[in-house]
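Report on the structure given below.
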Amino acid sequence: MAAREAEETGEGVAGAIETAVRGEAVLGEGPTWDAARQRLIWVDILSSRVHFFDPATGRRAVLATEQHVGAAKPRAAGGLVVNLRDGVGRYTEDGAFSWLHREPVPGRRGNDAAVAPDGALWAGTMRYDTAPGGGTLSRVAPDGEVRTRLTGVAVSNGTGWSPDGSLMYYIDTPTRRIDVFPYRDGDIGERRTLTETAGPGLPDGMAVDAAGCLWVAFWEGGQVRRYTPDGRLDRTVTVPVSRPTACGFGGSRLADLYITTARVDTDPAAEPLAGSVLVIPDAGQGLPQPPFAG
């Protein structure tokens, strides 16, 4: 039976939240640790930018994309795989671009994406007007083969895997649910609801830690919440912005939780850190994220 979250459930945590990168991202998303380069990667979707940050040196870099970019992940061969407006593409280490799978649909764009344990990319889409049923979730193999596994999606968001790779978690934001699938041989089984969220905000991007717990950013909720593998809310962290979008573990020990945020439709005077990347040092123990194998 699915858990149903009560608004009062969960232990408040007054963790030391710091500003990792002060910025003004319109729609910051998808913090991903690039272990090979020891840097954080994230995107500003509506500004068509991929950002890079080396926390050891403070060095930053930006890659401009030709389309809105929903997600960017490291490739095993170097460079990036990107979930763009019209499909999935690749950048080489020196910045050369090529399409891996191009499928333009008017009014639709790529959104969140994640790399599975086998090195495939699970890429979500959504309509710009967020109309229900306009989005999908597809598995993009390293050779470019695409299998659409979910249709009828509104806003495809957080995707992650249990530490042993046997479960895949998924969020279609307007449903307010966190769903789970059995995962085997690169495919998903029957969908069930892990938990139905309540309280402020809507579930957005997620990260899974080494204990199998799910850290979920709540858009319009000003929170990041952690759920146990059985769907119980056990930790709530309040952040100084109303629109956190996603979170991911990074740093040399994968212990620091990075949180992307959005500036769109916020009041800069009231939320000066909106659009920045926040970090909670020593928040927990993250899982190594595999690079895209293509």
Side-chain angles (χ1 to χ4, degrees), residues 29-30 32 34-36 41 43 45 48 50 63 65-127 133-162 164-172 179-191 205-206 208 246 248 287-294:
E29 263 284 5
T32 302
D34 181 353
I41 301 171
V43 301
I45 296 176
S48 304
V50 180
L63 169 69
T65 59
E66 293 187 3
Q67 297 184 351
H68 289 164
V69 54
K73 307 295 177 182
R75 295 174 57 206
L80 301 171
V81 61
V82 287
N83 193 22
L84 298 170
R85 183 193 66 202
D86 291 345
V88 174
R90 296 176 293 190
Y91 284 96
T92 63
E93 194 69 36
D94 61 6
F97 175 81
S98 62
W99 285 104
L100 184 63
H101 173 74
R102 188 171 184 270
E103 186 184 358
V105 175
R108 193 182 79 175
R109 66 168 175 85
N111 202 45
D112 204 357
V115 179
D118 64 357
L121 183 75
W122 286 69
T125 64
M126 60 174 284
R127 286 191 54 83
T136 61
L137 180 68
S138 299
R139 179 186 186 271
V140 183
D143 63 2
E145 178 192 13
V146 175
R147 287 186 292 163
T148 298
R149 305 305 293 123
L150 294 178
T151 58
V153 172
V155 181
S156 187
N157 257 314
T159 306
W161 285 263
S162 60
D164 65 0
S166 67
L167 298 172
M168 190 183 89
Y169 302 101
Y170 178 68
I171 293 170
D172 180 1
D179 291 337
V180 60
F181 303 81
Y183 188 82
R184 183 177 179 183
D185 297 330
D187 206 356
I188 52 176
E190 185 176 356
R191 183 177 189 168
M206 78 163 75
V208 181
L287 291 169
Q289 297 300 298
F292 179 62

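For reference, positions follow the sequence shown, starting with 1. Because only heavy atoms are used, hydrogens play no part in the values below, and waters and symmetry mates are left out as well, while side chains stay in.
Using a 4.5 Å heavy-atom cutoff, the side chains of Pro74 and Thr32 are in contact. Residues Ile171 and Asp179 fail the side-chain proximity criterion, which asks for heavy atoms closer than 4.5 Å. Using a 4.5 Å heavy-atom cutoff, the side chains of Arg109 and Met126 are in contact. Here the side chains of Phe97 and Leu84 are in contact, with some heavy-atom distance below 4.5 Å. Looking at heavy atoms from C-beta onward, Lys73 lies in side-chain contact with Val81 at the 4.5 angstrom threshold. Leu150 places a side-chain heavy atom less than 4.5 Å from the side chain of Arg191. No side-chain heavy atom of Leu137 sits less than 4.5 Å from a side-chain heavy atom of Thr148.
Residue Thr65 comes nearest to Val50 through the heavy atom pair CG2-CG2, 4.0 Å, listed as atom of the first residue, atom of the second, then distance. When every heavy atom of Ala72 is checked against every heavy atom of Val82, the shortest pair comes out as CB-CG1, 3.9 Å. In terms of heavy-atom proximity, Arg75 sits nearest to Pro291 at C-CB, 3.8 Å. Across all non-hydrogen atoms, the minimal contact from Pro182 to Glu190 is CD-O, 3.2 Å. The minimum heavy-atom distance linking Gly124 with Asn83 is given by the pair O-ND2, 2.9 Å.
Within 6.0 Å of CD in Glu93 there are more than 12 heavy atoms belonging to other residues, nucleotides or ligands.
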Practice task
Check step by step if side-chain contact (heavy atoms from CB on, under 4.5 Å) holds for Val69 and Ile45.
Solution key: CA-CA 5 Å; Val69 54; Ile45 296 176; 5.7 Å; no
Handout entry: Test log, rule side-chain contact (heavy atoms from CB on, under 4.5 Å), inputs Arg184 and Met168
Key = CA-CA 9 Å; Arg184 183 177 179 183; Met168 190 183 89; over 6 Å; no
Practice task
Mind running side-chain contact (heavy atoms from CB on, under 4.5 Å) on Phe292 and Leu80 for me, showing each step along the way?
Solution key: CA-CA 8 Å; Phe292 179 62; Leu80 301 171; over 6 Å; no
Handout entry: Residues Asp187, Arg149; criterion side-chain contact (heavy atoms from CB on, under 4.5 Å); working and verdict
Key = CA-CA 8 Å; Asp187 206 356; Arg149 305 305 293 123; 2.6 Å; yes
Exercise for the section: Give the intermediate values and the outcome of ring-ring contact (aromatic ring centres under 6.0 Å, His included) for residues Tyr169 and Trp161. Expected result: CA-CA 6 Å; Tyr169 302 101; Trp161 285 263; 9.2 Å; no
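Shown here are the side chain to side chain donor-acceptor pair (under 3.5 Å) partners of Tyr170, two or more places apart in sequence or in another chain: Ser156.
A donor-acceptor contact closer than 3.5 angstrom links the side chains of Thr136 and Thr125.
A distance-only check finds a donor-acceptor pair linking the side chain of Asp172 to the backbone of Val155 [under 3.5 Å]. In this structure a side-chain-to-backbone donor-acceptor pair under 3.5 Å is missing from Asp112 to Thr159.
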Could you list the donor-acceptor pairs under 3.5 angstrom formed by side chains in residues 85-92, with sequence neighbours left out?
from  : atom 1 : to    : atom 2 : distance (Å)
Asp86 : OD2    : Gln67 : NE2    : 2.8
Thr92 : OG1    : Asp94 : OD1    : 2.3
Thr92 : OG1    : Ala96 : N      : 3.0

Under 3.5 Å, which donor-acceptor pairs do the side chains of residues 116-123 form with other protein atoms, sequence neighbours left out?
from   : atom 1 : to     : atom 2 : distance (Å)
Asp118 : OD1    : Ala120 : N      : 3.1
Asp118 : OD2    : Arg139 : NH2    : 2.8

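Atoms NE2 and CD, from His101 and Glu103 in turn, are 4.0 Å apart once rounded to the nearest 0.5 Å.
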